[in-house]
2 protein chains.
Amino acid sequence: MAGKESNRLSTPPGRITLHDVAREAEVSAATVSKVLSGAKGAIRISKQTRERVMAVARRMNYIPNASAQALRRGSLSAIGLYFPFGLHPWVSSAYSQLTRHISILLEEERHSLVIMINPPPRKKAEPARFPSFLYNQGVDGVICVHQVPEALLEELRQRKMPYVLLNCDTGYPENCVDADERWVMQQSLQYVYDLGHRRIIFAGRSTSHPSYDIKREVYVEFMKRKGLPALPDVYEITDPLSDERGDFGEKIAERILRQAERPTAIVAYNDITALALIHAFRDRGISIPEEISIVGCDDIHESLVARPRLTTFRFPADRLAKAAVEMVLKQVRTHEPQKSIAVKHEFLARDSCVQLAESRSHRAKRPASAGAFK
Amino acid sequence: MAGKESNRLSTPPGRITLHDVAREAEVSAATVSKVLSGAKGAIRISKQTRERVMAVARRMNYIPNASAQALRRGSLSAIGLYFPFGLHPWVSSAYSQLTRHISILLEEERHSLVIMINPPPRKKAEPARFPSFLYNQGVDGVICVHQVPEALLEELRQRKMPYVLLNCDTGYPENCVDADERWVMQQSLQYVYDLGHRRIIFAGRSTSHPSYDIKREVYVEFMKRKGLPALPDVYEITDPLSDERGDFGEKIAERILRQAERPTAIVAYNDITALALIHAFRDRGISIPEEISIVGCDDIHESLVARPRLTTFRFPADRLAKAAVEMVLKQVRTHEPQKSIAVKHEFLARDSCVQLAESRSHRAKRPASAGAFK
DNA sequence: CTGAAAGCGCTAACAG
DNA sequence: CTGTTAGCGCTTTCAG
């Protein structure tokens, strides 16, 4: 109705362009361009005109048009960050840290960050829909987080789109940046082993993420190497429904307690599992860490708030982000695949593990008669 | 070295353009354009050529160049999502949900989502740096989350950039989408009141977010209205260091226990506070909910895993996202400010609150002699 | 040191 | 129904 809009969709009418600045500063558009975005050393513009142009541009509140620049330069200076659709809420903390770091690093490289969360399938059996960037060339490269459908990877490769797989644990030798899951699991096991624990169990929900299988594998290897039993019946619990009821901690705890001999140490798949187990054991009158030591992984915020404060490993979001950003930008520049990188967690010794003292292990063999209660 | 690169920065050499498709399909570029992106009803292209063009485009793996489209159309079809720099980790869960919903909704509107996390100040006293979108016109509108610097708001307005303030609780009558903090606080208080509780306390870290003050205010009003004491000394604890030590729960718990008369119900500022308090009380031998009922807010994942399961309110990320996306797109279309909207949380009755029974309130007045211990 | 000119890839009048 | 034409705003030779 009350519109003096032109046929252009929604461009604000009085947008200032390069030419407006040029006219005002009484130079040509080319000069303005050189002043404003010419390579630092290579521009041959007199100090005098440069300063005049800059002053005028600032005064007129000039903002270059990103699309025009991108069209001309052949590069958008934008990187996509791809997330699969159905991420578990408890990984979101790690991934928002990752996103924050990536965003800040890209900003420093004068790139923007386009978030692409895979849309949910509209109907069952519909071929997976991918984010539309694939269909309109809107980014220079993509960082794919957590898990990436084979079909998408196929597309990326076919389109020669630079990409990095971040925390996907695929094991591919190229273009991957991962936390070193083998290392962190190995460290966790060695830590409780050195504390004197021998009945050690690996506990967690099985997830569809490869890190779960990697950790399980390291656990089995470790126990075999030390000549200890691997307690194979306990370490895998899969029940999506219990997520909604919030009782998967109880489920795992019960399966652990059903063992003939109770373990003295638990290496949990992640902090959420560890915390849920601490709650569940406490409800059952089992004190942590006195009776069972627990190690978590990733250091979510609650791990510091819970009691006992959870011994765990810090998720190296900062270094993962740095490596991923460098890798994708390198690829954008060179169009050559990059060698995969693994980044180590950082150990945080807190209160959920104790030395397995001689006295305690003896006491455990005595009949339960020391206490005041039945 | 081994480069047959042109002077363009990083454009993949053999990119397929509209003209390639046109040549191959033996039509003009305009026709291809109309077929591929013409408004559904308004295109006058014979079914025959349309199908031929589409087939060729698919076969050649044609992807339109987003920058060229944007330049021509005058709109990038991108929305920015702005986050301030120093967000507390525990809000990140709520905000990653928000981001996920916003991303999916925008995808449906064929818009992309550019994330802009304010970079940290490089030096003290440096004038705030804002994300570069402001300086290159890279988005059609911005959704600002949590908190927005006055100077940025100024810029946005001056540049006539459509914007929405999401969960900033500024109280502005226009362009805001917020959770209804007054409502959720009122509901929490009324809930424990109806359960018979009279000694009710509001506990939380004070934060720089306005929602804290809003909640405190509602608390004071509520207590005054009911003729109850507002326990003013307890509800505000500020100590950034205790975040790092993870002991702010203990701090608040101790201040609560220092009261002459212990409260029977706590309305916590958020779930993290509530959970930290539950842990701290338990360490001090106070059972929850039997001795103290607690209500949280926002329903983070751990609230369901902790014991007792926390009674709380679900953060309405989905509806907030929907409202914000609609509001910003409406503004992009009309360039007219929109009326602010408040969205309600959803109550989740779980196990952390109990009816204050007559018997219990009597027992509390008797000398502590019923138990078996000192 | 500065300006004229060409054109990135696409879309939307307009003419046929 | 289809093609021709004219730019969107910017950068980059290339001449002067």
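Each chain gets a letter, A, B and so on, in the order its sequence line appears, and its residues count up from 1.
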Among [options], which is the nearest nucleotide to the side chain of [X]?
{"X": "Ser46(A)", "options": "dT2(C), dC8(C), dC10(D)", "answer": "dT2(C)"}
{"X": "Ile45(A)", "options": "dT11(D), dT2(C), dT12(D)", "answer": "dT2(C)"}
{"X": "Arg72(B)", "options": "dG9(C), dT2(D), dG9(D)", "answer": "dG9(C)"}
{"X": "Asn65(B)", "options": "dT11(C), dT2(C), dC10(C)", "answer": "dC10(C)"}

Quiz item: Can you check whether Ser340(A) reaches Asp178(A) side chain to side chain, under 4.5 Å on heavy atoms?
Solution: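 No. Closest side-chain heavy atoms not under 4.5 Å.
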Practice problem: Could you check whether Thr17(B) gets within reach of a base, just the sugar-phosphate, or nothing at all, counting any heavy atom under 4.0 Å? | Solution: sugar-phosphate
Practice problem: Determine the contact category for Thr49(A): base if any of its heavy atoms lies under 4.0 Å from a base atom, sugar-phosphate if only primed atoms, P, OP1 or OP2 are that close, otherwise nothing. | Solution: sugar-phosphate
If you compare every side-chain N and O of [X] against the phosphate oxygens of [N] (OP1, OP2), does one of them come in below 4.0 Å?
{"X": "Ser33(B)", "N": "dC10(C)", "answer": "no"}
{"X": "Tyr62(A)", "N": "dG9(D)", "answer": "no"}
{"X": "Gln69(B)", "N": "dT11(C)", "answer": "yes"}
{"X": "Ser67(A)", "N": "dG9(D)", "answer": "no"}
{"X": "Thr31(B)", "N": "dC1(D)", "answer": "no"}

Exercise. Output every pair passing side-chain hydrogen bond (donor to acceptor under 3.5 Å, both in side chains) with a member in residues 142-154 of chain B, not counting sequence neighbours, ordered by first then second residue.
Key: Tyr95(B)-His146(B)
Self-check item: Along DNA chain D (nearest heavy atom to each residue), the more 5'-positioned of Ser28(B) and Ala68(B)
Solution: Ser28(B)
Taking [atom1] from [X] and [atom2] from [N], how many angstroms apart are they, rounded to a whole number?
{"X": "Arg73(A)", "N": "dG9(C)", "atom1": "CZ", "atom2": "C1'", "result": "17 Å"}
{"X": "Arg23(A)", "N": "dG9(D)", "atom1": "CZ", "atom2": "P", "result": "12 Å"}
{"X": "Ile16(A)", "N": "dG9(D)", "atom1": "CD1", "atom2": "P", "result": "11 Å"}

Quiz item: Ignoring hydrogens and geometry, is there a side-chain-to-backbone donor-acceptor pair from Asn167(B) to Val145(B) under 3.5 Å?
Solution: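 Between the backbone of Val145(B) and the side chain of Asn167(B) there is no qualifying donor-acceptor contact (under 3.5 Å).
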Quiz prompt | Spatial distance of atom OG (Ser103(B)) from atom CG (Asn118(A)) [nearest 0.5 Å] | solution =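 Those atoms lie 9.0 Å apart.
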Exercise. Kindly compute the distance separating CD1 (Ile143(A)) from CG (Leu166(A)), expressed to the nearest 0.5 Å.
Key: 6.5 Å
Quiz item: At how many degrees, to 10°, do the end axes of the helix from dC1(C)-dG16(D) to dG16(C)-dC1(D) meet when each uses five pairs?
Solution: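 So the angle between the two local helix axes works out to 40°.
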Quiz item: Is the closest basic N to carboxylate O distance between Glu155(B) and Arg159(B) below 4.0 Å?
Solution: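 Arg159(B) and Glu155(B): salt-bridged.
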Exercise. Taking atom types as modelled, find out whether Thr31(A) and Ser28(A) have a side-chain donor-acceptor pair closer than 3.5 angstrom.
Key: yes
